[in-house]
Amino acid sequence: MRKVSYIIPFKDWGLMRLQLAVKTALSSLGSSPGEVIVSDFGSTLTEDEIAAFEADVSGWGARYVRTETDGVWSRSQALNAGIEVAEGEIFVASDADMLVPPGCLERVSAEITDDPGLVIFLSCLDLPPQWDDAAVVREGIDWDVLRRVARRRPRWGMGLNAVSREHFDKIRGWDERFRIYGAEDNDFSVRQRRAGARVVWPEEDEFALLHMWHPPSMPSAQQAPAALLQVEWNKSVYRNDKTFVRNILHWNHKPAASPPLVSVVISTFNRRRMLAETIDSVLIQTMQDFEIIIVDDGSTDDTAEFVQSLSDRRIRYVRQDNAGIAAARNRGTRESRGLYIAVQDDDDLMLPHRLESQLTAQENSPSISFGTFVNFQDDTGEMVHMGVKPMDLTTASWKGGAPGHSTWMVPREWMLKVPYDETLTSGVDNDLALRFLRAGMPWTFCGEIVLLRRMHRAQVTVTDTRNQLGSASAALNRIQFNASPSSLTASHEAAAAVKRHLPRGFAHWKELVSPYLPDHLVDRWRLEWVPESEATWDDVVVESAHGKAALGVRRLTWADLVALGPEASLAGPLVAGQKGEPLWFPDPADVNHLFGQKAVEASSDLLKEAGAGSVAVVRHASDDGESAHSIRLSRAGGASLGLDSYPLSGRDLAWLPDWLHEPDVDVVVAREDLDRLREKWLKAVMPRRFSWRR
Amino acid sequence: MEAMTGTNLLDQFEILVNPGAYDAHPPIPVFRMDYAPRVLSVDRLTVAVYLLFRPWISGELLVSKPMTPQLAEAIRQYSGFVDVAVRPIELRALPIISGRNSARAVVVDLLQSSAQFLGTDGSTIDLTLLRADQASGSLRTAQSATLVSNGFMLADGSEREAEVAAAVCCLVGEDFDLGEVEIPPTSRIEDLSRLVRNVGIVLR
């Protein structure tokens, strides 16, 4: 039987209750291997008290883990902190005031060992006021007596559940954005269902935990307006966020054994220079929980030396005798550990938000996520945006096309089940895409441009056109094979009427993607703050409460972007122009760009005020037409901000106005908070006065 | 879980499912087969739906037409720890279809083995079940049939492979006049036999 880890989140509550909870849980394990973990999430204790508390918990037979906090309770984070150190393969989330019946955890272990795809919900029986912890100690535990006087709580809302480690990993644990209280348990279970686990509510007595009576313990701070706002926000996440993978950008309590979220799999053959640029484009992703698998398909250049010289531990190098691209890619799948595989060719460049965008596009159930891409000429820098149609059997049966290979993100288990066809020498991607469809795998457009695809003379499509076309026609024929001519005609008519996807920011796509072209094609600049002493003739000197500083244009190379890492695309407006062409960056004195630069610095403060993190697009506009703040928090927790609907920093510079008009927005910032936020905002972003030095 | 059947624009037979409040969302929410059954009783369809999507069903299983109470009870028993209630149920007596032919079903992965199409001994129909990512269409000879579906995506491990094979046999059973079928080995063969005999098929 699998080992059970029973997690009790805790903060400043009764020790007698906790001791009873621990002891009954340990006893309930029976013959099953298991452990009980008390996750102390910021109890207000001195160092000596903490040591004594830990000793007490250890003495009861449980493990103790403590997390220092900012004082705000988060059951999600407390549970994750306990699970981070857990050794079990089944995690049971509970509370500190629960008596666990004999045999309960033993049965939980047996059932989930038998079927790891179950989420077992434990019921709650409320004991009446005369049955507090002291009474339980005084009278002893007679389970029949206690069950007779207890009242059953309605289903849901208690968050007492058991789940296998693999399913916990699939959804990346409890969503750590949930704070104060409310909805995290329902959110957890619905995400488990989306990820493929089914919910069970066993009726037997042994699956019903008894809740010891105690006076309400909600501190007054949890009734404050800001706290209530957070509670509303929690509910909004549960109602509106259809994703199931969470903690994408930050998972504070990721267990060491949990796999990386994404494996970027690159097969390569004698393309050392281009491979280096491809790897750089991965390293600056906003989503950093990845591994990069480089499968060297027998290169004879210095690819091996180059990759092995890279110090980033997330990069793994695998070499094999030259066996062709399909065999190399299949090897990459087998070597990878990530939940998803981001397919990447060794000559293409990811745009910085690719992995984040494609993960947040995973809604309701797993799918193959894809985006659009931009073809660029490696010798001239000329660019063409390549649109894409929805990918399904109907559209594919018309001409057999598929989204760009390096834009796919595929659940790893699907790639294991349906691998590349190693008998093909060319067109393996198109063949695989159509076979994915035949297997029933759904495809989802992530809504963004995710890739710069390099056009050059050594491309497979250039060198092996005949085989590629032959492979494509065979794949198309297999899709069409079963259909009658009349059905096929109807299918083609339906496909012809389908419109191409338009990515967000399409009207400004060149400005959005050109900063990430290779260094040999573009010059790249960013507005940056520098000490006044380092100001140059063109810089704008600004005097603020913090003293004088200069805002100037600084040139950045790809090496600079890699040094910035995930901040490369977030730290401020980044623009690029064709190599050798005059700088067309707007005048740095443009006050709106000043806002833009300072907005980034102010964003973290404002996020805290607004209730940190969010679901999708979040905004508040005043009803009377007055100017208002606009706040957009990505589902993954990233943020960009605007003042009076003026688009500001970085990535959203161009397409913020587009999504401001999206209908499905959540209002999270309360109207009464608007003035306070505006004041804070202005204080943060407005310099006291400008001085010009020309 | 609610199930709907039909054929798509490419003439494939489809079973689409829609999860309910306790169900898991099946990663592949559709079963597709290149052969569309011509005759299919509701009991056999119900067993097929249940076996194809069993790992994701918890709570109610809704099908389009009423089935026998015996079958509903058999499904409940087969589900074990997980409560599954099948609806709607028809309380009046309904016939159980019975077939005359026997068959042997074998799942073949063309990439893992050279296609071991079965030799026929004249007494059974050899059912070769191929993967839809590797083959297209269907083939019927006097003593054999080749069926192509995405059932492999719903099957992890030998027990699931047997359940999915049994499901396909239920779907084509009336067209092929099947009464007895040999399926891939499974440790749950007795439970599976008890379930499938409610729709007039004996499993071996």
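Here is the naming used below: chain letters follow the sequence lines, and residue numbers restart at 1 for every chain.
Looking at B:Asp133 and A:Lys417, no side-chain N of the basic residue comes within less than 4.0 Å of a carboxylate O on the acidic one, giving no salt bridge.
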All N/O donor-acceptor pairs, side-chain side in residues 28-38 of chain B, below 3.5 Å, sequence neighbours left out:
from    : atom 1 : to       : atom 2 : distance (Å)
B:Arg32 : NE     : B:Glu14  : OE2    : 2.7
B:Asp34 : OD1    : A:Arg438 : NH1    : 3.1
B:Asp34 : OD1    : B:Gln12  : NE2    : 3.0
B:Asp34 : OD2    : A:Arg438 : NH1    : 3.4
B:Asp34 : OD2    : A:Arg438 : NH2    : 2.8
B:Asp34 : OD2    : B:Gly137 : N      : 2.6
B:Tyr35 : OH     : B:Asp175 : OD2    : 2.6
B:Arg38 : NH1    : B:Ala36  : O      : 2.6

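When side chains are defined from C-beta on, B:Leu10 counts as touching A:Ile479, because their heavy atoms get closer than 4.5 Å.
Contacts of residues 181-196 of chain B with chain A at a heavy-atom distance below 4.5 Å are absent; not one residue qualifies. Contacts between residues 59-85 of chain B and chain A, defined by a heavy-atom separation under 4.5 Å, are made by B:Phe81, B:Val82.
For a residue to count as touching a neighbouring chain, one of its non-hydrogen atoms must lie under 4.5 Å from one of that chain's; by this rule A:Ala439 touches chain B with backbone and side chain alike. Only the backbone of A:Leu437 has a heavy atom closer than 4.5 Å to any heavy atom of chain B. Both the backbone and the side chain of A:Ser484 come within less than 4.5 Å of a heavy atom in chain B.
Side chain of B:Asp11 to backbone of A:Ala483: no donor-acceptor contact under 3.5 angstrom is found. With A:Arg193 contributing its side chain and B:Ala21 its backbone, the two residues share a donor-acceptor pair below 3.5 Å.
Scanning both residues, B:Pro27 and A:Pro442, for their nearest heavy atoms gives O-CD, 4.1 Å.
Among residue pairs with one or both ends in residues 474-483 of chain A, those qualifying as side chain to side chain donor-acceptor pair (under 3.5 Å) are A:Asp431-A:Arg478; sequence neighbours excluded.
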